[in-house]
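One-based numbering, in listed order, for ligands and for the atoms of each.
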Amino acid sequence: MGYRVAVVGATGAVGRELLRILAERNFPADEVVALASPRSVGREVSFGDDKVLKVQNLETFDFKGWDIALFSPGGAVSAKYAPKAAAAGCVVIDNTSHFRMEPGIPLVVPEVNASALKKASRGIIANPNCSTAQMVVALKPLHDLFNIRRVVVSTYQAVSGAGKDGMDELFAQTKGTFVNDPPTVAQFTKQIAFNVIPHIDRFLEDGSTKEEWKMAVETRKILDPDIQVLATCVRVPVFIGHSEAISIECEKPVDLKKAREALRKAPGVILRDEREDGGYVTPIECVGEDATYVSRLRIDPSVENGLAFWCVSDNLRKGAALNAVQIAESIVQQGLLKDGQLFRRNEIPDEDEAV
Ligand SMILES: NC(=O)c1ccc[n+]([C@@H]2O[C@H](COP(=O)([O-])OP(=O)(O)OC[C@H]3O[C@@H](n4cnc5c(N)ncnc54)[C@H](OP(=O)(O)O)[C@@H]3O)[C@@H](O)[C@H]2O)c1
């Protein structure tokens with residue numbers, strides 16, 4: 001039997017990728033509906049190579065009878081409509097940050113913690129932040145071997161992480177530079193073309209940013225509540241593909257050979273580390289790919305049991321749409337769509353789910 005699947009935010013950067021990936025992976029869908037704001041009603045979006053869907057209005061859509069909804073319409077819209085969809089019996093997989101840290105809502109990267117899906121009690125599952133998703137895929141095999149205690153990460157995040165408007169702004173500023181047009185700054189705090197900006201999401205009281213906070217708390221919720229994370233999140237003039245320079249400190253002695261073997265076998269990871277010119281992966285090479293690439297693996301001699309590496313992935317895929325579809329696949333494979341298993345309304349959620 002196939003499922004009825006709704007894609008919410010279908011005209012956006014993540015929504016379009018969701019439709020592409022559902023088709024690419026032959027997700028067992030009998031019917032797919034594309035939803036967005038009233039602005040987009042009637043617009044056409046592609047579904048696979050040969051189908052086109054007419055966008056419908058989220059505001060008036062009835063989720064009754066629909067099995068799965070993949071949401072990426074922004075936090076405030078998910079906050080309002082995801083609980084409505086869940087109340088109608090439709091399981092929601094949400095890409096926004098709104099529900100990620102709430103109790104009773106699993107935050108899932110299937111290669112790392114697919115079993116947490118069974119703990120869903122509100123019919124909503126959260127997809128992590130794009131930078132967290134690729135990082136935990138790479139950290140998991142190393143954590144299993146060496147027990148990671150601390151992570152220091154600097155990110156180089158593509159403008160598509162800020163949606164289609166962010167991509168348009170980089171394009172316009174880049175083009176404008178060559179015809180002497182003054183840059184228009186709207187999506188980012190400063191000019192992004194030919195520049196880098198050490199600021200993503202809003203500032204918090206301690207001087208860190210919300211994006212950096214998300215990487216820390218989400219890593220703890222997904223991988224291990226005892227891991228400390230210091231993140232510096234930076235926007236760079238790359239359209240698609242987030243890069244991360246990651247250093248870890250572990251409890252156990254680090255063995256480079258074992259680390260390589262584990263990364264080679266790890267689901268979702270491709271190790272490309274040739275220690276020669278070009279023997280590493282850059283963001284432009286990961287566009288349209290599913291893997292999280294690890295390169296530049298080396299011992300960090302500045303701390304005890306330290307290891308450093310470079311990690312790259314397509315932020316619209318593993319960082320958002322692919323991970324969401326993998327969650328849907330895992331729910332199906334684990335038989336969790338049957339008998340309202342993800343809607344145990346009266347159950348008190350585990351305390352340790354809230355970080
Ligand atoms: N881009 C990434 O790498 C990434 C990764 C992880 C998570 N996310 C999260 O996913 C969400 C969407 O990101 P995006 O990059 O796809 O943004 P985007 O390109 O700006 O797209 C936003 C989508 O949401 C829809 N939308 C906006 N307001 C709506 C409303 N009131 N009702 C229904 N639909 C509405 C838009 O529809 P209209 O065209 O009709 O306005 C559009 O389809 C954000 O919360 C973002 O933080 C993004």
What protein heavy atom is closest to [atom], reported as residue, atom name and distance in Å?
atom                    : result
atom 23 (C) of ligand 1 : S72 O, 3.7 Å
atom 16 (O) of ligand 1 : V14 N, 2.9 Å
atom 31 (N) of ligand 1 : V77 CG2, 3.5 Å
atom 34 (N) of ligand 1 : S37 N, 3.2 Å
atom 21 (O) of ligand 1 : G12 CA, 3.2 Å
atom 17 (O) of ligand 1 : G163 CA, 3.8 Å
atom 9 (C) of ligand 1  : N95 O, 3.6 Å
atom 26 (N) of ligand 1 : P73 O, 3.8 Å

Out of I125, L70, V91, V332, which one pairs with I327 under the side chain to side chain contact (heavy atoms under 4.5 Å, CB included) rule? I125
What part of [X] sits under 4.0 Å from ligand 1 if we count only heavy atoms: the side chain, the backbone, both or neither?
X   : result
P38 : neither
L58 : side chain
R39 : side chain
S97 : neither

If we only count N/O pairs under 3.5 Å, is [X] in contact with ligand 1?
X    : result
S160 : yes
N129 : no
P128 : no
C130 : no

Is atom 47 (O) of ligand 1 less than 4.0 angstrom from at least one protein heavy atom? no
Verify the contact flag for atom 12 (C) of ligand 1, where contact means a protein heavy atom under 4.0 Å away. yes
Would you mind listing which atoms of ligand 1 come within a distance below 4.0 Å of any non-hydrogen atom of [X]?
X    : answer
T11  : 36 (C), 37 (O), 38 (P), 39 (O), 40 (O), 42 (C), 43 (O)
L316 : 1 (N), 2 (C), 3 (O)
A320 : 5 (C), 6 (C)
G319 : 5 (C), 6 (C)
T96  : 45 (O)
N315 : 3 (O)
A36  : 33 (C), 34 (N), 37 (O), 40 (O)
A10  : 43 (O)

What I'd like to find out is whether the side chain of V5 reaches to under 4.5 Å of the side chain of D67, using heavy atoms alone. no
Taking only Lys NZ, Arg NE, NH1 and NH2, and the carboxylate oxygens of Asp or Glu, determine whether [X] and [Y] approach each other closer than 4.0 Å.
X    : Y    : result
E261 : R264 : no
R20  : E17  : yes
R25  : E329 : yes
R235 : E211 : no
K164 : D168 : no
D224 : R149 : yes

T282 and E285: side chain donor to acceptor below 3.5 Å: yes
Is the closest side-chain donor-acceptor distance between K318 and Q326 under 3.5 Å? yes
Under 3.5 Å: donor-acceptor pair, side chain of W310, backbone of D273: no
Would you say N113's side chain and L107's backbone share a donor-acceptor pair under 3.5 angstrom? yes
Parallel under 30°, tilted from 30 to 60°, perpendicular over 60°: which one fits the rings of Y3 and F27? tilted
Classify the ring geometry of F203 against H199: parallel below 30°, tilted from 30° to 60°, perpendicular beyond 60°. tilted
CG (D49) with more than 12 external heavy atoms under 6.0 Å: no
